[in-house]
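The basis for the numbers below is simple: all heavy atoms, side chains too, and nothing from hydrogens, waters or symmetry mates. No experiment lies behind these values; they were computed from the predicted model shown. The chains referred to below are lettered A, B, ... by the order of the sequence lines, with proteins before strands, and numbering in each begins at 1.
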Number of protein chains: 2
Amino acid sequence: MKATIRSVAKLAGVAPSTVSHYLNQTAPLSAATAKNVEQAIAALNYRVNLGARNLRLRKTNSIGVVIPNITSPFFGEIAAVMENKLWEKGFQTLLCISERSPERELSQVAHLVSRQVDGILLVYCSQKSRVAETLKNISVPVVFVDRRVPDQYSVCTDNFLGGRLAARHLATLGHRVIGLLCGEPSVENVAERIEGFELELRRFGLEVPEAYKVKGRQDLQLGLRITDLLQLEPRPTAIFATNDIVAIGAWRKLVESGFRIPRDISIVGFDDIAVSRFLVPPLTTVAQPSREIGGKAVELLIDLVQAGDSVKPPENVILAPTLQVRGSTAPLKKGGVDGKAIDGRLPQKTKSVSQHKSRRPSTNG
Amino acid sequence: MKATIRSVAKLAGVAPSTVSHYLNQTAPLSAATAKNVEQAIAALNYRVNLGARNLRLRKTNSIGVVIPNITSPFFGEIAAVMENKLWEKGFQTLLCISERSPERELSQVAHLVSRQVDGILLVYCSQKSRVAETLKNISVPVVFVDRRVPDQYSVCTDNFLGGRLAARHLATLGHRVIGLLCGEPSVENVAERIEGFELELRRFGLEVPEAYKVKGRQDLQLGLRITDLLQLEPRPTAIFATNDIVAIGAWRKLVESGFRIPRDISIVGFDDIAVSRFLVPPLTTVAQPSREIGGKAVELLIDLVQAGDSVKPPENVILAPTLQVRGSTAPLKKGGVDGKAIDGRLPQKTKSVSQHKSRRPSTNG
DNA sequence: TTGAAAGCGCTAACAC
DNA sequence: GTGTTAGCGCTTTCAA
């Protein structure tokens, strides 16, 4: 049988409350009894039952983390940062992966509440309205992550600014014909990125015609559809993808098709996932401050948890992304569009010699 | 105040046990009382307190997962698979990231036990001996993941076989001069991969001289050190890296330096992380059965949890990896070593025309 | 400085 | 069918 505070007390010849005092240093014990208790604990290999303690204290020192997935690098990093910070602050992480299922997400939140978590960090995937409704019946503090919810606590990236950064970068490089690989605009974060991107472009007197926008689910497949853009006339000289996975899909298709990045075409992503740096050339991208997001969200939640009644008013923390300029973008070549074109699946290199020659002068010199 | 089973009982005009029976369907209730209870629950927005229930039942339906990190794709996928399967089986995941700190890992395990988890899934990072010792004082079932521990339950990849698969692939492609980018052999998994690799090579009458082995921590940096191998004479025509991250480091350095993969050099990785497929050319690699590992580990643990006293004897489940042949490997070119060499940081292409010509026949035809 | 007793919210005999 | 009662293992007044 597992040792309890009673069995320890009995062996030490003291009362259970004395053992409790010893454990929690909530009353001074005589050196003799302290030693007795200590020995009894060691002898029985006693470990406090946190479940029982939590029941009594009405506090579990645990936080629920609900997230669509953790294999995607962005969410994975956020989850990792959260767990780390929570552990350091003495909280256990109860992880729930919703797998982008609204039903699952809702039942996970309900379950966590039932488990008496002290708070919840939520990257929701359901409708904003539905989430808000669910929360009315919930008594524990919730901090929304990577989603902004009015009148609630939330921490997220300034996606609008991110879009603007990307646009400004491409525009100042001289690009005038720009294509867009964008996720579904129903996703708020995506919509904001596009909005920011287009607004900033307009400041440069530019715009992206509808034909130059490829839309779909934000995954690798969407990136591969860059072929659609490559057939347009004039061909875009730069691409903005609303996340790095999409950008990598495009990058891959371009490299496979014999295009040279950034000489033939520049490409900007969003997120700055770890892979982006590995590519050759590495991807220029708008870096989400994922560490800051996770860290700030935990801090905010713990504040809330510890606030008791003196809760501060809802707060939407919006953190600025930063542009990571790397090898996948370059100034527009003078002389306009080169001779490359996509013909079915295979590129036909109508070599314009002058261009091929000037590649990587240092290796050919 | 939060609703309890008592407050519900009072409102419904019944005894607390009746409410409990209603909740757990542990006794038939008359339709009338059932409805009463139901209404009271709804009126008070009552949710069962799982902490209290768990205390009473001495079962928490929770499993601790301790893992070195989750941002590395391999561990991330394993963690994700586990959480999913655990959730489906009705268990909550308590996530602990050890960040490769043995002390932290140990205290996390202790903490989980204190929280009365029903079992632990452990990818340990400390010494095997230390872990084994810790476990002696632990009463909950533990399943080791990605590590083999004699006389304990464990699930892992057949790393030895993985090494052999890589070797056989390269050898049958005709490669004779092969380099190794290997993690520290003190890591058991790494040692096994190398062992298997070299054993299989010997069957082909081949071996890897010490000079052709670059050793270090398994990260991107190690891969970049492929430059050391490229300066050897004869230059290796193929490389085996003990994981994909290292392989990608090498891949990157090769591409940057103007080498063509697989024409100039073939490269094989280990793990099959998602990125590997994105590269151009995509990486040939030994795929770990990460989904199977995670799934099997959960099944084994749940069996153990539910077994009670009829525990089955310790079992080391070893799952076979599979070779994913992709674009980064190709048959050795006849004519032996080509003329490339590393001169400082930049490669000098002493083009041997016959080789350049036959590249990618489909695009040149 | 230590102990007795009550109770956190729940379940499960066992009566009725 | 339903209620009474006794804990699960812990903390915490309050008294001694």
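- In this structure, the side chain of A:Asn137 does not engage the main chain of B:Asn45 through any donor-acceptor pair within 3.5 Å.
- Listed by first and then second residue, the salt bridge (charged side-chain N to carboxylate O under 4.0 Å, His left out) pairs that reach into residues 36-56 of chain B come to none, sequence neighbours excluded.
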What side-chain donor-acceptor pairs closer than 3.5 Å can you find for residues 7-17 of chain B, not counting sequence neighbours?
residue: B:Ser7; atom: OG; partner: B:Thr4; partner atom: N; Å: 2.8
residue: B:Ser7; atom: OG; partner: B:Thr4; partner atom: O; Å: 2.8

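- For the helix from C:dT1-D:dA16 to C:dC16-D:dG1, the axis fitted to the five pairs at one end and the axis fitted to the five pairs at the other end meet at an angle of 40° (nearest 10 degrees).
- Evaluation of the side-chain hydrogen bond (donor to acceptor under 3.5 Å, both in side chains) rule for B:Glu99 yields A:Asn84 as partners, not counting sequence neighbours.
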With B for base contact, S for sugar-phosphate-only contact and - for none (protein heavy atoms under 4.0 Å), nucleotides 6-16 of chain C reads BBBBBBB----
Under 3.5 Å, sequence neighbours excluded: what are the donor-acceptor pairs made by side chains of residues 150-158 of chain A?
residue: A:Tyr153; atom: OH; partner: A:Lys312; partner atom: O; Å: 2.2
residue: A:Ser154; atom: OG; partner: A:Asn316; partner atom: OD1; Å: 2.5
residue: A:Thr157; atom: OG1; partner: A:Gln288; partner atom: OE1; Å: 2.5
residue: A:Asp158; atom: OD1; partner: A:Phe160; partner atom: N; Å: 3.4
residue: A:Asp158; atom: OD1; partner: A:Leu161; partner atom: N; Å: 2.9

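- Sequence neighbours left out, not one pair with a member in residues 35-77 of chain B passes ring-ring contact (aromatic ring centres under 6.0 Å, His included).
- For DNA chain D, the span of nucleotides reached by chain B at under 4.0 Å from its heavy atoms goes, 5' to 3', from D:dG1 to D:dG9.
- For residues 117-133 of chain A, the set of pairs meeting the salt bridge (charged side-chain N to carboxylate O under 4.0 Å, His left out) definition, not counting sequence neighbours, comprises A:Lys59-A:Asp118, A:Lys128-A:Glu188.
- A ring-ring contact (aromatic ring centres under 6.0 Å, His included) check over residues 78-99 of chain A, counting only residues at least two apart or in different chains, returns the pairs A:Trp87-B:His111.
- Listed by first and then second residue, the ring-ring contact (aromatic ring centres under 6.0 Å, His included) pairs involving residues 119-144 of chain B are B:Tyr124-B:Phe144 (not counting sequence neighbours).
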Please report, to 0.1 Å, the donor-acceptor pairs under 3.5 Å made by any side chain of residues 28-35 of chain A, with sequence neighbours excluded.
residue: A:Ser30; atom: OG; partner: A:Thr33; partner atom: N; Å: 3.3
residue: A:Ser30; atom: OG; partner: A:Thr33; partner atom: OG1; Å: 2.8
residue: A:Thr33; atom: OG1; partner: A:Ser30; partner atom: N; Å: 3.4
residue: A:Thr33; atom: OG1; partner: A:Ser30; partner atom: O; Å: 2.9

